[in-house]
Amino acid sequence: MSESARDYRSTLNLPKTDFPMRAELPKREPARVAWWTEHQTYRKRLARNGEQGGAPYILHDGPPYANGDMHMGTFLNRFLKDALVKIHLLDGRYADFVPGWDMHGLPIERETLKHLKLDFRAADPIELRRACRERALYWMGRQREQMLRMGASFGRFDEPYMTIAPEYEAVIVETLADLAERDYLYKGLRSTLWCVYDETALAEAEIEYKDHTSPSVYVRFPANAAQRPALLEKFGLDDDGTPLSVAIWTTTPWTLPANVAIALSPTATYGVYRVAGEDIIVAEALAGALFERMAAGEAILRGEAPGSDLERLAVRHPFLDRDSLVILADYVELETGTGAVHTAPGHGEVDFESGVQYGLPILNPVDGAGRFTAEAGPYAGMFIFEANARIVDDLRAAGLLIASESYDHSYPHCWRCKNPVVYRATAQWFIGMDRHGLRERAERAVHDVEFLPAWGETRMSQMVENHPEWCVSRQRAWGTPIPAVVCTACNESLLDPALARNLAQAMRARSFDEGNASDLWWTEPVSAFAPPGLTCPRCGGTAFEKERNIVDIWFESGVSWRAVLVERGMPFPADAYLEGGDQYRGWFRSNLVTSAAVRDRAPYKSIIAHGWVVDQHGHAMHKSTGNYMATDEAIAKYGADVLRLWVASSEFTGDVRLGANLLDNVSNVYRNLRNRLRYLLGALDGLTPLSIVPREEMEPLDRLALAALDAFAGEVAEHYRAFRLHDAYVALTRFDIEDLSRFYLDALKDRLYSSAPDAPRRRSAQSALFEIFRTLCVLLAPVLSFTAEEAWQCLDPALRGAAESVFDLELPTVSPIDEAQLATWSLLKELRAQVAASEGIRDFQLDATIDVQEPYYDRFVALGDNLREALVVSALRGVHAASNGAPTVVVVPAEGEKCQRCWKYLPLGVDPHHPTLDATCAAIVRELEAKT
RNA sequence: GGGCCAUUAGCUCAGUUGGUUAGAGCGCAUGCUUGAUAAGCAUGAGGUCCCUGGUUCGAACCCAGGAUGGCCCA
């Protein structure tokens, strides 16, 4: 065998690692979850940060509702929370994260009733509540597993907070007591959104708008003989005996029995029109459309008047024996209808306000199940939605119907049973937003909060500004009781703070395993909680009955700052709340209001809001439209780390698009990053703690690389601290490609592969690569938690040292930037790119000559052979100090012949035993042979 | 209908106080490499900066109106 044919490959130090190129994430991730749990990675790091005096960083978890499986929106939210906790944990902070669940409320109650095939009116409340509890716990357990599976396991997942826990319920009751004591809580009649199917009042947040077809009717409200002259006079007309009426428009004929007024716009002009032998009053802007519907020939305008002139006149109710007052209201629009708005204060929010303003009776002829009471006259006993047709027929028969058609519009529906809801006047408990300056206190509190994105402040302020009176009572079973009592003598409702606190105390005495602590309100008599001498403030009575209201679940989650942070002795306020943008109106606001009322400040220092997950075309995802992506399926296909990277690759403050081709794209980026980790691990083969070269003794190029690393790592860490995940992602991928893959790793190959294994120059390179590897691992960990940990575990345990997990590493601190070194590094990259771009011939087939200006000339000369190495050429023929112009590198075909071992073109044959090798390689091979 | 937000390359995103030829990564095409190899390198193509109008010597950027999409409301 001739020497020239000899294969020197085995004498090289080629990369070697067990870290697989193929990730197989779906298969491998579950074991990693178990590993983190088993090794108590989070708990141990948290404790260590605490012991070392790390400042707290508290992300307070907005509780997901314990019903249904995780969807991609939840994934986005949980990932962001997990990344935020991990960032601060790695940064040495005491990032104590307590996950929580929202577990009371109608959806669970309904699901349980359905499951048990029960009607809630017939169900025993204690039994129902027990079943609801089981259901809620089932969903919580399931959601918790899904969170752990996606790698979002860093938190107190074995001791989460639950709104059904005794101490949580106690805090709810105690907060109600505080609010009552401060006179924020009151009972009042309100036209509230009401579901006649669930027989309960609904919060705004429990409403969904959906398309609905309503009847659309135009109705005459006739003026009688006594009313006609006053009306006609305003239009400058005499009474010639022609029938006169005001035309109103409504899409809810069933509310007509409760009509007491007609609202006009104060600024619009109204006309009296003569058409087919009658006079009709209508807004001029809408007259054309109305008479077109009537199709009764030409309408002649006889007189006109501004709406403001008609105030407090009256017409007759179309079928009940009473008047309907003409009133003015700003909300009257001139887009649809007649400009004369049928007003029933018992059946509408604005109607109610007008009713109060004009001192109108609040009629409420509808019971909780949607049936007319005797007050509705001929319609008593009918179901309201069925009465619509009957009322229209009667109006037509009486000659009072001008026109009737159907009308498609967006209409409020119950979020749970999906049926249309109505407005109905009921006695409810309210938190008075305008009592004792609560709204102003909340508004002030907003100004002390930092918002990401910044425009969140505008949004939040508006939410406070527009916050209506907060109805907090519900007539259901699955919730925390509002511990109010009714005086049996005078029927007065009373929420006595002392009584409430007694109840709370009794609930606290229960353990979680004993079941629903608040069952006490159902099972125990009033006397069990009533303080001695409790008397009715109105009549002095001393006998009371319990009210059976539960509290709105938005109030429950709204006191989480107190039930979790305060109750567990954690810092208050929290550093951050992090939820979807819908929560400006939901949880951000409910927490703000309760905290402003009790503590006079916001419960959070900062709010981070994320956008919605939409499909790849930017449209909302729905199971029904077929663009829905199930989380478990996505994890099974791509793995959690790819999905985590997908979020980081997006700008989460806006809407986040998701689709298969998008995830394929992210998968490619993932593979890139993974391969870099793999290559680094391979290159570290053979490095031991003792052979690590201190930075100041490293080769000059390695020191430059680490200067670049420092700058990069500091930048990414700062992005992380400010939670600019996307910026961190961009910086990471760029450094990975531009600095490592295309430049430094390429330039190091010769030194790593062809040096003697333990040559100082090789150890220097490995030491730098170790630093880079460790830094990349910690910077990737918040996002690619699984992969970063996997890579870290593939590292030689001796190098891993005390850091058992990648989460035992430290987030880099920002070090002073050495601008000169960075500039030198950048220039080297640029010159290397020039060499790499030279056509046809490549790398070691070339020798190079460099022209640079001061100060680079000196810096380059100081690099010694590293300069040649950085350009990946066989020889550097010279470095010239150019007088001007851009730095350049000129390449020419290399002199010498290709060394069969290191592939550089050098003089060969110095060693007769290795004629195809250059002198250095020959010497190394001889040494290796001597060892064997 | 109102409030808030978004719209830049096939995809995800940059684009500093208005100022040369609007950038990066991924993808795509072509070539190289076969000692990171189900990898790596190089080169290249690809843009009506959503539209219309305005301000300006000059607009992706400022102003007005509109379109599309999203969230929240009505």
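Everything numeric here is computed off the predicted structure, so don't read it as measured data. Note on naming: letters A, B, ... go to the chains in the order of the sequence lines (proteins, then strands), and numbering restarts at 1 for each one.
- Donor-acceptor pairing under 3.5 Å is lacking for the side chains of A/Asn627 and A/His619.
- Under the 3.5 Å distance criterion, the side-chain polar atoms of A/Arg762 are left unmatched by any main-chain donor or acceptor of A/Ala756.
- If you take atom C1' in B/G53 and the same atom in B/A67, they sit 15 Å apart, rounded to whole Å.
- The residue A/Arg901 sits close to a base: some heavy atom pair falls under 4.0 Å.
- Between A/Val656 and A/Trp903, the residue whose closest nucleotide on RNA chain B is further toward the 5' end is A/Val656.
- When the side-chain nitrogen and oxygen atoms of A/Tyr753 are compared with OP1 and OP2 of B/A36, one or more of them lie within a distance under 4.0 Å.
- Across all strands shown, A/Gln616 has no heavy atoms under 4.0 Å from either base or sugar-phosphate atoms.
- Residue A/Asp582 is classed as a sugar-phosphate contact, given heavy-atom separations below 4.0 Å to backbone atoms only.
- The pair A/Arg742-A/Glu738 does not meet the salt-bridge criterion, since no charged nitrogen lies less than 4.0 angstrom from a carboxylate oxygen.
- Within 4.0 Å of A/Gly618, counting heavy atoms only, lie sugar-phosphate atoms of the nucleic acid but no base atom.
- Base pairing in RNA chain B yields stems of at least 3 consecutive Watson-Crick or G-U pairs, both distances under 3.5 Å, namely B:1-7 with B:67-73, B:10-13 with B:23-26, B:28-32 with B:40-44, B:50-54 with B:62-66.
- Under a 4.0 Å N-O distance rule, the pair A/Glu651/A/Arg724 does not qualify as a salt bridge.
- Residue A/Leu662 places its side chain closer to B/U12 than to any other of B/U43, B/U12, B/G69.
- Residue contacts for A/Asn672: at a heavy-atom cut-off of 4.0 Å it reaches the sugar-phosphate backbone alone, with no base atom in range.
- A salt bridge is absent between A/Arg585 and A/Asp582; no separation between the charged side-chain nitrogens and carboxylate oxygens falls under 4.0 Å.
- Taking every heavy atom of both residues into account, A/Tyr423 and A/His347 meet most closely at O-ND1, 2.7 Å.
- When each of B/G3, B/G25, B/U34 is scored by its nearest atom to the side-chain atoms of A/Thr733, the top-ranked nucleotide is B/G25.
- Between A/Arg676 and B/G40 there is a side-chain N or O to OP1 or OP2 distance below 4.0 Å.
- A/Ser874 and A/Asp847 share no donor-acceptor pair across their side chains, judged by distance under 3.5 Å alone.
- Of the listed nucleotides (B/C26, B/C5, B/A36), B/C26 has the atom at the smallest distance from the side chain of A/Ile737.
- Regarding contacts with the backbone of B/A38, every side-chain N or O of A/Asn675 stays at 4.0 angstrom or more from both OP1 and OP2.
- Nearer the 5' end of RNA chain B, as judged by each residue's closest nucleotide, is the contact made by A/Tyr679, out of A/Tyr679 and A/His622.
- Contact annotation for A/Thr653: no contact, since no heavy-atom pair falls under 4.0 Å across all strands.
- Between A/Arg742 and B/G25, a side-chain N or O to OP1/OP2 separation shorter than 4.0 Å is present.
- Remark: the separation of the P atoms in B/C61 and B/C51 is 10 Å, to the nearest Å.
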